[in-house]
Amino acid sequence: MDNLVIAGRSFRSRLMVGTGKYRTFEEMRQALDASGAEIVTVAVRRVNLDEREESLLAFIDLDRYFLLPNTAGCHTAEEAIRTARLARAAGLSNWVKLEVIPDDGTLLPDPVATIEAAKVLVEEGFVVLPYTTDDHTVAKRLLDIGCATIMPYGSAIGTGQGLPNPERLKRIIDLVGGRVPVVIDAGIGAPSDATLAMELGADAVLVNTAIAKADDPVAMARAMALGVEAGRMAYRAGRIPKSDVPSPSSPVEGLVGGMK
């Protein structure tokens, strides 16, 4: 599979994984290994920056995985900016997965606050990967600001409803036009959802709940990796156009007996 490139950095895997909701840190560690992912996102608010040996960071091999801090739990642009600055000051990274989610009931991002926070963080030198809606006008604003990726949701976080509006995601993919990677973030429930996202032309997917809450997270992590790989290969191979007119798979000319 061809490499994923974000802000000049190359990754072999196009599957990003989260670290929340696992039953144990050891289970998380095994699932990360099975996923083949290289980018692992962690909520800054879950990390004990003073006692790293007692936090989830002790279960993530930082020589193997690229750590992507996120601002999960932030309800305003100000909170997200402050959290990103804290992570950078603590030496985690100057990359940030930007999340501004004002409503804990829907877990849908605030587009206005996301744009506001992204603008400040990009100006401060952060590599910003914003979680956003599937609205192409918001994606355009984030692209113009200079974000390193665009990360629209497939459906709401943790629902596992997949991609109910693939045409909206395809419009974003076409709008971005390869200038930065488009990563489908949230809503992936099964490997087939990840495959569809990649077949649409997405550059990567980010999965957390569907792996962490599976009956067998390790097996599901591996299945997600295969789904991503299959979708990417299909996209590059080029699917046939859909048609309302059936056509035979075998040639109809030159048949024995002159049949047509």
query = Which atom pair, heavy atoms only, marks the closest approach of Ala139 to Leu175?
reply = CB-CD2, 4.4 Å
key: Any residue meeting salt bridge (Lys or Arg N to Asp or Glu O under 4.0 Å) with Arg236, in chain and number order, not counting sequence neighbours   = Asp2
inquiry  = What's the separation between atom CE in Met198 and atom CG in Leu196, rounded to the nearest 0.5 Å?
reply    = 11.0 Å
query = Does a donor on one side chain sit under 3.5 Å from an acceptor on the other, for Asp110 and His75?
reply = no
inquiry  = So that I can tick it off, tell me whether Glu78 and Arg82 are bridged by a salt bridge, with the cut-off set at under 4.0 angstrom between side-chain N and carboxylate O.
reply    = no
message = With heavy-atom distances below 4.5 Å as the criterion, would you say the side chains of Ile150 and Pro181 are in contact?
response = no
request  = Would you please name every residue forming a ring-ring contact (aromatic ring centres under 6.0 Å, His included) with Phe11, sequence neighbours left out?
outcome  = Phe66
ask   = How far apart are the C-alpha atoms of Glu229 and Arg232, what are their side-chain angles, what is the distance that settles it, and do they pass the salt bridge (Lys or Arg N to Asp or Glu O under 4.0 Å) test?
value = CA-CA 5 Å; Glu229 184 174 350; Arg232 181 63 180 176; over 6 Å; no
request  = Quick one: closest heavy-atom pair of Thr133 and Ile172, and the distance?
outcome  = O-CD1, 4.1 Å
message = Using a strict threshold of under 4.0 Å (side-chain N to carboxylate O), is an ion pair present between Glu167 and Lys170?
response = no
remark   = Contacts of Asp215 meeting side chain to side chain contact (heavy atoms under 4.5 Å, CB included) (sequence neighbours excluded), chain-then-number -> none
request  = Could you grab the distance from atom CE of Met16 to atom CE of Met151, nearest 0.5 Å is fine?
outcome  = 5.0 Å
task = Begin with the C-alpha distance, continue with both residues' side-chain angles, and end with the deciding distance and a verdict on side chain to side chain contact (heavy atoms under 4.5 Å, CB included) for Leu57 and Leu92.
result = CA-CA 10 Å; Leu57 291 184; Leu92 285 184; 4.0 Å; yes
message = Hydrophobic cluster membership, with links at side-chain heavy-atom distances under 4.5 Å among I/L/V/M/F/W/Y: are Ile145 and Ile6 in one?
response = no
task = Could you check if a side-chain atom of Val228 sits within less than 4.5 angstrom of a side-chain atom of Val207, using non-hydrogen atoms only?
result = no
message = Could you tell me if the side chain of Thr19 sits less than 4.5 Å from the side chain of Asn208, heavy atoms only?
response = no
ask   = Less than 4.5 Å apart, any side-chain heavy atom of Trp95 and any of Leu67?
value = no
query = Can you check whether Leu163 reaches Ile188 side chain to side chain, under 4.5 Å on heavy atoms?
reply = yes
query = Between Leu169 and Asn165, is any pair of side-chain heavy atoms under 4.5 Å apart?
reply = no
N/O donor-acceptor pair under 3.5 Å between Glu99 side chain and Asn70 backbone = no
message = Could you work out, with side chain to side chain contact (heavy atoms under 4.5 Å, CB included) as the rule, every residue matching Asp144, not counting sequence neighbours?
response = Lys140
task = With side chain to side chain contact (heavy atoms under 4.5 Å, CB included) as the test, would you mind laying out the steps for Leu121 and Ile81 before giving the verdict?
result = CA-CA 7 Å; Leu121 292 172; Ile81 293 167; 4.2 Å; yes
key: Gap separating the CD atom of Glu124 from the CG atom of Asn94, nearest 0.5 angstrom   = 11.5 Å
request  = May I ask whether Leu32 and Leu226 are part of the same hydrophobic cluster, defined by side-chain heavy atoms of I, L, V, M, F, W, Y residues being less than 4.5 angstrom apart, directly or through others?
outcome  = no
task = State the CZ-CE distance between Arg222 and Met224, to the nearest 0.5 angstrom.
result = 13.5 Å
note = Exactly one of Thr71, Asp185, Thr41 clears side chain to side chain donor-acceptor pair (under 3.5 Å) with Lys97, and that residue is Asp185
ask   = Are the side chains of Asp135 and Pro111 in touch, meaning some heavy atoms are under 4.5 Å apart?
value = no
task = Check for a donor-acceptor pair, side chain of Ser155 on one end and backbone N or O of Gly162 on the other, with a separation under 3.5 Å.
result = yes
key: Single-linkage hydrophobic cluster Val112~Leu142, side-chain heavy atoms < 4.5 angstrom   = no
request  = Output yes when a side-chain donor or acceptor of Arg64 lies under 3.5 Å from a complementary backbone atom of Ile60, and no otherwise.
outcome  = no
query = Counting distance only, does the side-chain N/O of Ser243 pair as donor-acceptor with the main-chain N or O of Val245 below 3.5 Å?
reply = yes
task = Decide yes or no for Met220 and Pro191: does some side-chain heavy atom of the first lie under 4.5 Å from some side-chain heavy atom of the second?
result = yes
ask   = Where do Ala202 and Ile184 come nearest, in terms of heavy atoms and distance?
value = CB-CG1, 3.7 Å
message = For Arg14 versus Asn3, what's the shortest heavy-atom pair and its separation?
response = NH2-O, 2.7 Å
ask   = Would you say Leu4 and Leu129 are hydrophobically clustered, going by side-chain heavy atoms of ILVMFWY under 4.5 Å?
value = yes
note = One should read off an interatomic distance between Arg171 CZ and Leu200 CG, to the nearest 0.5 angstrom, of 15.0 Å
key: More than 12 heavy atoms of other groups within 6.0 Å of Arg141 CZ   = no
task = For residues Ile101 and Pro109, report the shortest heavy-atom separation together with the two atoms involved.
result = CG1-CA, 4.3 Å
ask   = Can Ile173 be reached from Leu206 by stepping across I, L, V, M, F, W or Y side chains whose heavy atoms are under 4.5 Å apart?
value = no
inquiry  = Show me the pairs that pass ring pair (Phe, Tyr, Trp, His ring centres under 6.0 Å) and involve residues 114-173, at least two apart or across chains.
reply    = none
inquiry  = Minimum heavy-atom separation for Val100 and Ala80, please, with both atom names.
reply    = CG2-CB, 3.8 Å
Set of salt bridge (Lys or Arg N to Asp or Glu O under 4.0 Å) partners for Glu27, sequence neighbours left out = Arg23
Glu79 CD to Leu86 CG distance, which is reported to the nearest 0.5 Å = 12.5 Å
